[in-house]
There are 2 protein chains.
Amino acid sequence: MKAVAPSEVEQRLEYLRLACRNTGMRMTHQRMEIFHEVAQCNEHPDAETIFKRVRERMPTVSHDTVYRTLASLEEMGLVRRVETVAGRARYDANGDTHHHFVCTRCGQISDFYLEQEPSIPKGIEELGRAESLQVQVRGICHNCKNN
Amino acid sequence: MKAVAPSEVEQRLEYLRLACRNTGMRMTHQRMEIFHEVAQCNEHPDAETIFKRVRERMPTVSHDTVYRTLASLEEMGLVRRVETVAGRARYDANGDTHHHFVCTRCGQISDFYLEQEPSIPKGIEELGRAESLQVQVRGICHNCKNN
DNA sequence: TTCCTATATAAGAACTATTCTTATTTGGAG
DNA sequence: CTCCAAATAAGAATAGTTCTTATATAGGAA
Ligand SMILES: [Mn+2]
Ligand SMILES: [Mn+2]
Ligand SMILES: [Zn+2]
Ligand SMILES: [Zn+2]
């Protein structure tokens, strides 16, 4: 699982600056660091992982700030919560339309892209107004299968 | 959201009896009541909801038994955990292949069926061995939109 | 620049969902 | 009926997340 290209990371940080300006939110060091942490990796980290990594550079950062900031970033549309099999919320700064393969053994979440995006199914109208569609494939990743 | 047909409920309970016999698990009153609760409704209840409802008829039932039983039922393939947007695990005794519409405001989960089931995408092979595919559509249900 | 204040943060308590521990009960085989 | 491995009740423990309160600070105004 290779890292996000530096130019892509820089672009994502630029979106954060814009989003803060547009919504009137302050551009705090904590927001920068927390978003940077999500933006630079593509392994869909959970809040605790982000907390530990940010704390290495910012030893006083609190759990609350991480959770609160992730919620703000989600509201601003800069990250999305990924549904997992169990418990913890996981976050993704990849804004491209894509889907997820979830390993039910180790929890690893990998992106995949469909050649043709599925359209919202017809019957949905009678249930509500659809806003997004996500395909989730579950199974065992190669790493787990070989152990 | 209408109830599950009594004949369907009876059939599901029959599967439970068979599954217990096959796997050597005991057919306890608690298992009956807990599974019955999930089998008779299609609103994908969470563990606490099931606990409260079962407790009305069985006042001494414990949280632990509900959680433990739901896990057993999942292992037996009689219920499945539904991924939600936030926190609590939700359970589903509808064994037909189907997908979910999740209201991001009230959390209601509704079933929908696709005319043609999507096949496992090609690129998945390089990520792992796929075992299931689920489409999740998120949006606002009619009930929430009108309030 | 300095001052002001609404917004954001740190620290840790509180809360909520879930799992664990231990003593007791019970389904179902024999 | 008897027996005992499996299951349960009760409540403590744990883990993830949110809340409370005192303090700090981003960023606009003077
Ligand atoms: Mn992703
Ligand atoms: Mn369902
Ligand atoms: Zn894995
Ligand atoms: Zn709703």
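Since this is a predicted model, take the numbers as computed values, not measurements. We name chains A, B, ... by the order of the sequence lines, and we start the count at 1 in each one.
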Set of residues satisfying salt bridge (charged side-chain N to carboxylate O under 4.0 Å, His left out) with respect to Arg129(B), sequence neighbours excluded: none

So which protein nitrogen or oxygen atoms get under 3.5 Å of nucleotides 11-14 of chain C's nitrogens or oxygens?
unit_1	atom_1	unit_2	atom_2	d
dA11(C)	OP2	Thr60(A)	O	3.0

Value in whole Å for how far the C1' atom of dA10(C) lies from NE2 of His29(A): 16 Å

Protein proximity profile, nucleotides 1-7 of chain D - base contact B, sugar-phosphate-only contact S, no contact -, cut-off 4.0 Å on heavy atoms: ----BBS

Spacing of CD belonging to Glu33(B) relative to OG1 belonging to Thr69(B), to within rounding of 0.5 Å: 11.5 Å

Qualifying salt bridge (charged side-chain N to carboxylate O under 4.0 Å, His left out) pairs with a residue from residues 58-70 of chain A, counting only residues at least two apart or across chains: Asp64(A)-Arg68(A)

Enclosure of Glu117(B) CD (heavy-atom neighbours >12, cutoff 6.0 Å): yes

Co-members of Leu127(B) in a cluster of I, L, V, M, F, W and Y side chains, linked at under 4.5 Å: Phe101(A), Phe112(A), Leu114(A), Ile120(A), Ile124(A), Leu127(A), Leu133(A), Val135(A), Val137(A), Phe101(B), Phe112(B), Leu114(B), Ile120(B), Ile124(B), Leu133(B), Val135(B), Val137(B)

Those residues that, when tested against Glu8(B), pass salt bridge (charged side-chain N to carboxylate O under 4.0 Å, His left out) (two or more places apart): Arg12(B)

All side-chain hydrogen bond (donor to acceptor under 3.5 Å, both in side chains) counterparts of His98(A), not counting sequence neighbours: Arg80(A), Asp92(A), His100(A), Asp111(A)

Atom-to-atom span, CG of Leu70(A) to P of dT18(D) - whole angstrom: 10 Å

Any residue meeting salt bridge (charged side-chain N to carboxylate O under 4.0 Å, His left out) with Arg17(B), in chain and number order, not counting sequence neighbours: Glu10(B), Glu14(B)

Separation of atom CG in Asp46(B) from atom C1' in dT18(C), rounded to whole Å: 12 Å

Gap between atoms CZ and C1', on Arg55(A) and dA10(C) respectively (whole Å): 13 Å

dT17(D) OP1/OP2 closer than 4.0 Å to side-chain N/O of Tyr67(A): yes

Atom-to-atom span, CG of Leu16(A) to P of dA8(C) - whole angstrom: 13 Å

Whole-Å distance separating the CE atom of Met27(B) from the C1' atom of dG28(C): 13 Å

Spacing between Phe51(A) atom CZ and dT9(C) atom P, to the nearest angstrom: 14 Å

Results of salt bridge (charged side-chain N to carboxylate O under 4.0 Å, His left out) for Glu56(A) - residues two or more places apart only: none

Length of the CE-P vector between Met58(B) and dT26(C), whole Å: 10 Å

